[in-house]
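Each remark here refers to the structure printed beneath this line.
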Amino acid sequence: MDKSEKLALGLSGLLLVIFFGAIMYAAVAKDIDVPTCITDMDPFTTDTLFQTAPDTYELQMVARMWAFQPSTVRLPVGSTVDLYVTSQDIIHGFKIEQHNVNLMAVPGAINYIRVRFDRPGEYMFACHEFCGAAHHTMAGRFIIEEGLDEPETEEEI
Ligand code: CUA
């Protein structure tokens, strides 16, 4: 084998090791999850918020032209949310500011990600997939409060 071939082969092997290391670093050290498509759950048609463990909630979010249901979600600081997103009509997007959440809302399918709210404040979520005339109005917010006893959701129709 030619010397330059050996070098190219060695470098490609090294690149594979670096890429694999980067994936493991993101998954283990940084605890970064990729969004998951849920296949063992029927698409829901209405929103739900309930507690599944101390400081842990399940939120089922419905997207449709041109609103999210619920549009406001109040949670205590330190909440972990198992977030399920689906759509009632066409494909929408779902992104939460200052959090590593970027999902698609797809009719007939459910996408899942876990998100944690460590700091108090208001965090907007918005549709990031162009979905028609009022796409730019399709947004809502998480309100994260200290000492909140009763998490709740609100609708704006
Ligand atoms: Cu829904 Cu853009």
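Each residue takes its place number in the sequence, starting with 1. As the structure lists them, so they are numbered: ligands from 1, and atoms in each ligand from 1.
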Original post:
Of all the atoms in Cys127, is at least one N, O or S atom closer to atom 2 (Cu) of ligand 1 than 2.8 Å?
Top reply: yes
Original post:
Got a sec: is Cys131 within less than 2.8 Å of atom 2 (Cu) of ligand 1 via an N/O/S atom?
Top reply: yes
Subject >> Presence of salt bridge, Arg64 and Asp89, under 4.0 angstrom >> reply: no
Subject >> His92, N/O/S atom nearest atom 1 (Cu) of ligand 1 >> reply: ND1
Original post:
For the residue pair Ile96 and Phe125, what are the closest heavy atoms and their distance?
Top reply: CG1-CB, 4.0 Å
Subject >> Shortest-distance N/O/S atom, His135 versus atom 2 (Cu) of ligand 1 >> reply: ND1
Subject >> Name, closest N/O/S atom of Glu129 to atom 2 (Cu) of ligand 1 >> reply: O
Subject >> Cluster link Ile113 to Tyr123, ILVMFWY, side chain under 4.5 Å >> reply: yes
**OP:** Report yes if the distance between the aromatic ring centroids of Phe44 and Tyr84 is under 6.0 Å, otherwise no.
**Re:** no
Original post:
Backbone or side chain, does Met138 get an N/O/S atom under 2.8 Å to atom 1 (Cu) of ligand 1?
Top reply: yes
Subject >> Contact check, side chains of Leu14 and Leu16, non-hydrogen atoms, under 4.5 Å >> reply: no
